[in-house]
Amino acid sequence: MSIYLDVIWLLNFSFDLFLLVLTAIVLKRKINKLRMVLAALIGSSIVIMMFTPLAFLANHPLGKMFISVLMVLTAFGFKRFRFFFQGLLTFYFVTFLVGGGMIGIHYFLQQEMTYLEGVLMTNSTGFGHPISWLFVLIGFPVLWLFARNSIEGIETKKIHYDQLVKVHITVENIQFSLKGLIDSGNQLFDPITRSPVMIIDTLKVQEFLPKLLVHLAIQDDVMKAMSEQNEGHAWEHRVRIIPYRVVGSEHQFLLGFKPDEVCIETKNETLKVQKTIIGLNRTTLSSEDAYECIVHPKMLQGPSIQQVS
């Protein structure tokens, strides 16, 4: 069988280059094209070494690790050890992620592609079967995009979960707790008292609220529903009407109430909110039930009542 070394080298060079670029994207680091190309050249040199007296070095795990270290140093440089170590681990992570996906799809489709001494090669001829090359040329970019989008999605969720808190609400003799999301975009205030408004999912807490209050809160036109209602309820003196506006809509009104006490439990401390209004939202806040209320950032300026050690 004839082996087209230049084609095999080009394939591995392309893999190394794209993996380095994906690593830079994950780490949010600036991409230096020249450094990336040089690093990919170092990585693909393992193909050439396979046919030299240095083949033992290319086959040994320590030799492969040494080459990957050189690749990361060339691509991103060395500012401090943590900076370098983070780059190296991320490079291994994206390599296993994309490489594992390629191997999994390969065995699923049973294409004529295999690994020889750690080098990606084809079986039918030295050049490779057209279908196997089509698999590589199409499969790798698809997996690359999938890995990139998945990692960005994980990163977004991590940001969200880092902003999640536990909210404890007390009204008279009723207490309930909710998962809250701290949202800097929530700048809603009660126009009279200037108290920050925390928005909760009404249907999640309807068992703790007066039925009439829940009925009014879920109406499309809150003001009209209240004007037509003559019946009273126990929390009537707590009710507040908060005007708000969203893009593309006219002024709307949100029904809310004043609680007796609100405590916010973060990872580091528990905060007691001095004053706030609980806004009753008529739609679901999180389709994945990641949180049940939106916490106003101003509420985090309350006094700490407990430090978490």
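Residues: numbered from 1 along the sequence shown. We use all heavy atoms of the structure for the numbers below, so side chains are in, but hydrogens, waters and symmetry mates are not.
- Atom CG of Asp190 sits about 10.0 Å away from atom CD1 of Ile241, to the nearest 0.5 Å.
- Under the 4.5 Å side-chain criterion, counting only non-hydrogen atoms from C-beta, Phe81 is not in contact with Gln86.
- Between the side chain of Arg240 and the backbone N or O of Gly256 there is no donor-acceptor pair closer than 3.5 Å.
- Cluster annotation: Tyr244 and Ile192 are assigned to distinct hydrophobic clusters (Ile/Leu/Val/Met/Phe/Trp/Tyr, side-chain heavy-atom contacts under 4.5 Å, transitive).
- Interatomic distance, Asn12 CG to Ile48 CD1, rounded to the nearest 0.5 Å: 10.0 Å.
- With respect to Glu172 and Arg238, a salt bridge is recorded, a charged nitrogen being found less than 4.0 Å from a carboxylate O.
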With side chain to side chain contact (heavy atoms under 4.5 Å, CB included) as the criterion, how do Lys258 and Ile277 come out once you've worked through the C-alpha distance, each side chain's angles and the decisive distance to 0.1 Å? CA-CA 5 Å; Lys258 189 179 186 307; Ile277 300 296; 4.1 Å; yes
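- One finds the CZ atom of Arg194 at 9.5 Å from the NZ atom of Lys298 (value rounded to the nearest 0.5 Å).
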Evaluation steps, side chain to side chain contact (heavy atoms under 4.5 Å, CB included), between Leu280 and Leu209: CA-CA 10 Å; Leu280 300 173; Leu209 308 179; 3.8 Å; yes
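- Between Asn281 and Leu285 there is a side-chain heavy-atom pair separated by less than 4.5 Å.
- Side chain of Gln219 to backbone of His215: a donor-acceptor contact under 3.5 angstrom is found.
- Judged by distance alone, the side chain of Thr276 and the main-chain N or O of Pro196 form a donor-acceptor pair under 3.5 Å.
- The two residues Ile67 and Ile42 have their closest heavy-atom pair at CG2-O, 3.8 Å.
- Under the 4.5 Å side-chain criterion, counting only non-hydrogen atoms from C-beta, Leu188 is in contact with Leu254.
- In plain terms, the two heavy atoms of Ile169 and Leu178 that are nearest each other are CD1-CD1, 4.2 Å.
- At a cut-off of 3.5 Å, with distance as the only test, no side-chain donor of Gln175 or His168 sits close to an acceptor on the other residue.
- In this pair, Phe208 and Phe176 present their aromatic rings parallel. The plane angle is below 30°, not in the 30 to 60° band.
- Within the 3.5 Å criterion, the main-chain N or O of Lys179 finds a donor-acceptor partner in the side chain of Glu292.
- Taking OG1 of Thr95 as the reference point, atom CZ of Phe15 lies at 10.5 Å (rounded to 0.5 Å).
- Under a 3.5 Å cut-off, the side chain of Thr74 and the backbone N or O of Arg35 do not form any donor-acceptor pair.
- At least one side-chain heavy atom of Val262 sits under 4.5 Å from a side-chain heavy atom of Ile278.
- Looking at every heavy atom in both residues, Met71 comes nearest to Gly43 through SD-CA, 3.4 Å.
- Under the 4.5 Å side-chain criterion, counting only non-hydrogen atoms from C-beta, Val239 is in contact with Met226.
- Nearest heavy-atom pair across Thr23 and Phe91 is OG1-CA, 3.5 Å.
- If you take NE2 on His296 and CG on Asp183, they are separated by 9.5 Å, rounding to the nearest 0.5 Å.
- Residues Leu89 and Leu62 fall into different hydrophobic clusters, defined by Ile, Leu, Val, Met, Phe, Trp and Tyr side chains chained together at heavy-atom separations under 4.5 Å.
- Interatomic distance, Leu213 CG to Glu236 CD, rounded to the nearest 0.5 Å: 10.5 Å.
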Quick one, Lys64 with Ile46, criterion side chain to side chain contact (heavy atoms under 4.5 Å, CB included). Give me CA distance, side-chain angles, the key distance, then yes/no. CA-CA 8 Å; Lys64 296 175 182 178; Ile46 195 172; 4.2 Å; yes
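- For Phe66, the CZ atom is loosely surrounded, since the number of other residues' heavy atoms within 6.0 Å does not exceed 12.
- Nearest heavy atoms, Ile200 versus Cys293: CG2-CB, 3.6 Å.
- The main-chain N or O of Ser44 is found under 3.5 Å from a side-chain atom of Asp16 such that the two form a donor-acceptor pair.
- A single hydrophobic cluster is not seen to contain both Phe189 and Ile199; linkage of ILVMFWY side chains at heavy-atom distances under 4.5 Å, directly or through other members, places them apart.
- Nearest heavy-atom pair, Lys224 versus Asp221, reported as atom, atom and distance to 0.1 Å: N-OD1, 3.2 Å.
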Please test Phe84 against Val72 for side chain to side chain contact (heavy atoms under 4.5 Å, CB included), starting from the C-alpha separation and ending with a verdict. CA-CA 7 Å; Phe84 159 74; Val72 173; 4.0 Å; yes
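- Annotation: cation-pi geometry not satisfied between Arg80 and Phe85 (NZ/CZ under 6.0 angstrom from ring centroid, within 45° of ring axis).
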